[in-house]
Every structure is written in C-alpha cells, then in structure tokens.
Amino acid sequence: MEELATLADLPTRYLGELEKSNLVPLWPSLRNVLPPHQPMPQTVTTTWYFKDIKPLLLEAGELTPIEKAERRVLVLANPGHGLENMKASSVIYLGMQLLLPKEWAPSHRHTPNAVRLIVEGEGAYTTVDGQKCMMEHGDLILTPSGLWHEHGHDGDDPVIWLDVLDLPLMYYMEASYVEGGDLQNVNSAGHAHYYGKGIAATPYFIRENSAYPMMRYAWKDTQKVLHDLAQDSQYQGPIQVSYINPETGKDCQNIIGYSALMVRPNETVKLPSRSVAQVFHIIDGQINIKIDDQNFQLNKADTSCAACFSHIDLINTSDHACYIFIADEAPLQRKLGVYSVRERHAF
Ligand code: GTQ
C-alpha cells in the first residue's frame with residue numbers, strides 16, 4: 001500500500017483554516033484508523049498476580065470504609081489503554097472486589113453488564129433481581145444490564161471476587177449510567193437453578209419468559225462437566241465449556257463471552273488466533289501461558305489479558321489439572337459480523 005502524505009506536508013495556513021471550520025484531512029490518519037491486514041490494538045499483554053493484589057486490596061479495606069466506596073474495587077488496568085481509563089481491553093473491565101464480614105454494598109443497577117467470578121472467602125452473597133446467590137470459590141454470578149444487585153457478607157473472613165464488566169464499551173457509547181436503590185426483597189422461591197436441569201416453574205401452564213433465567217453457575221457443576229468430558233473416550237479436543245443461557249443455548253450475556261477450560265497434567269492447549277481480546281483467570285492450579293513472545297507462570301487467582309489475534313499456548317507441566325476462566329469479546333464481535341479466526345503460523 002502507498003505511503004500517504006502527513007500533516008507536515010500541508011501549509012500551516014491551510015491547517016489553521018481547516019481547524020477554524022472544524023475540519024480534518026483524512027489522509028494523514030488513514031493508515032492509523034484503517035491499518036492494513038489487522039487492527040493495531042492498544043491492548044497490551046498484561047498479567048496481574050494475586051499475590052500483588054491481595055495485600056493492597058486488604059489495605060483498601062482498612063483505608064476506605066465500604067460506605068465511602070460503595071464498591072471496594074482495585075481495577076486491573078491495561079497500561080496500553082492508560083491506567084486511568086480502567087480498561088483491560090477496549091470492551092472489557094476487570095476489578096478485584098473486597099467485602100469484609102458484615103459489610104454491605106448497597107443495591108444499584110446500571111447499563112453495563114457485569115459478572116463475578118469468586119476468588120476466595122465464604123459466606124458472602126449477591127442478590128440479583130431478588131435472587132440471593134451464594135458466592136463460593138469458582139462460581140460465576142451474572143448481574144446483567146438493568147438488574148438490581150447488592151452484595152452482603154454473613155461470614156467471618158474477607159471475601160474477594162473478580163468483576164468483569166463491559167463498562168469500557170458502554171462508556172465509549174455514552175450509554176453508561178447507574179441508579180441507586182433500596183434493599184431488595186429476596187424471592188423466597190428461587191427456582192431459577194432448575195433451569196439448568198431443564199425444569200422451569202409453570203403455574204397454570206404459564207411459563208414466564210426471562211432473558212436471564214440463570215444467575216449463578218456453581219463451580220462444582222462446571223467442574224463436574226469438565227471432568228465428565230475428560231473421562232469420555234469419544235470426546236476429542238480441549239476440555240472446554242461455555243457459560244450459556246439454558247433457555248436459548250446462546251451466550252449467557254450479550255457482549256462478553258465466558259468459558260472454562262481444563263488443562264490436564266502435561267497437556268498443552270494451543271488456542272486459535274481470534275479477532276477478540278481475551279482474559280484468562282486461574283480458578284485453580286498452575287499453568288504456563290505463552291502469549292506471542294511472552295511467557296508467564298500463573299498460579300491460582302492470577303489474571304492475564306491478551307490482545308486480538310494473539311497466539312496463545314497454555315502449557316501445564318504440573319501434575320494437577322489447571323482450571324481457567326476465560327472472558328472474551330466474541331458475542332459482541334459475532335453480532336457485529338466482525339468475528340474471525342485465523343490460521344496460526346510460526347511466531
Ligand atoms: O459490584 O456492582 O467492579 O457496579 C464496578 C462497578 C463492581 C458492582 C465493579 C460495579 C460493581
């Protein structure tokens with residue numbers, strides 16, 4: 001492709017006149033906004049180690065009372081986007097949230113979709129749209145766009161979880177806002193978990209259609225499915241599952257996709273090169289993650305992110321299975337018709 005003229009090739013007088021009329025020449029920026037062959041992501045490969053996060057998060061628990069924080073979160077920010085912009089990728093926000101025993105993070109609802117992946121601690125819960133969801137290690141809890149949610153903690157030790165939101169996208173779209181609310185009434189019934197088993201409440205044969213029939217994906221259920229797949233001699237390929245809406249079979253949320261992967265001892269999983277940024281969070285175990293030409297040794301609760309079209313290998317040299325939670329931008333890109341997968345060539 002031809003190299004194009006730059007701003008410096010234009011007379012200052014001309015540039016001044018353009019500016020006065022709110023005009024900009026395209027050609028000096030054309031190759032930036034439309035780079036040849038593949039995007040030029042600002043997202044850079046980044047790893048956040050839990051051993052670095054945890055003491056600082058616990059200190060935040062001493063420095064800032066929950067009433068003064070509303071949500072006590074340290075944001076996992078990608079330096080490629082500028083730390084102050086609080087993005088892991090252009091679409092994905094990540095935060096580690098701390099709730100201390102007896103604390104309560106009040107009810108609110110917002111346009112961005114959120115999920116929580118529980119990292120450690122027991123006795124906390126999130127109430128989503130009247131459904132009380134207990135938080136246990138590895139559980140995935142959805143708080144979809146527009147639904148009330150609040151967090152409480154009846155246990156004895158600090159609880160920490162990973163928040164994943166599509167906040168950067170919502171903010172970019174100028175669609176991000178929040179409303180505060182009152183303490184929710186908890187629905188005593190909470191039948192929702194039967195959806196996962198193919199059973200729904202239908203009083204007088206009336207079936208309520210819900211966009212989000214299932215809020216909590218218990219880790220013990222997910223882990224069992226992963227182990228069953230690994231035991232199945234007919235099954236080929238990586239031991240990988242997606243978190244789906246049991247009503248529709250589609251992605252559980254509209255914008256960010258969620259999956260879990262088990263890498264067995266001495267197994268290497270080479271992921272396809274895809275057009276989406278991705279986040280890897282270790283639920284349990286240890287793994288070496290190779291992202292393009294960088295290598296990271298990840299332990300439980302560590303988190304990495306990789307830009308679009310990265311070449312990613314997951315190498316388990318330990319003698320225990322490693323369980324990885326993955327968030328990616330595939331649901332959004334598929335809806336927009338820009339999702340693609342490429343052949344991997346040697347890096
Ligand atoms: O727990 O509702 O990390 O509203 C950022 C914004 C968590 C939450 C975050 C939020 C929440």
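Indexing begins at 1, ligand by ligand and atom by atom, following the structure's order.
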Going by the order shown, which atoms of ligand 1 are within less than 4.0 Å of some heavy atom of Val73?
3 (O)
Which of parallel (below 30°), tilted (30 to 60°) and perpendicular (above 60°) describes Tyr258 and Phe325?
parallel
Honestly, is Lys51 close enough over Tyr49, meaning NZ or CZ under 6.0 Å from the six-membered ring centre and within 45° of the axis?
yes
For atom 10 (C) of ligand 1, what is the nearest protein heavy atom, given as residue, atom name and distance?
His110 NE2, 3.9 Å
Do we see a donor-acceptor contact under 3.5 Å between the side chains of Thr127 and Gln184?
no
Full working for side chain to side chain contact (heavy atoms under 4.5 Å, CB included) between Phe296 and Thr45:
CA-CA 10 Å; Phe296 304 92; Thr45 301; 3.6 Å; yes
Going through the checks in order, is the side chain to side chain contact (heavy atoms under 4.5 Å, CB included) test met by Ile282 and Ile287?
CA-CA 8 Å; Ile282 309 304; Ile287 198 111; 3.7 Å; yes
Counting each atom of ligand 1 from 1 as listed, which ones have a heavy atom of Arg116 under 4.0 Å away?
1 (O), 2 (O), 7 (C), 8 (C)
Parallel, tilted or perpendicular, judged at 30° and 60°: which one describes the rings of His151 and His149?
tilted
Numbered in order shown, the ligand 1 atoms found under 4.0 Å of a heavy atom of Asp163 are 3 (O), 7 (C), 9 (C)
Closest protein heavy atom to atom 5 (C) of ligand 1, given as residue, atom name and distance to 0.1 Å:
Tyr93 OH, 3.5 Å
May I ask whether His151 places a heavy atom under 4.0 Å from ligand 1?
yes
Closest non-hydrogen protein atom to atom 8 (C) of ligand 1, residue and atom name please, with distance?
Arg71 NE, 3.0 Å
Considering heavy atoms of the protein only, find what lies nearest to atom 6 (C) of ligand 1 and give residue, atom and distance to 0.1 Å.
Leu165 CD2, 4.0 Å
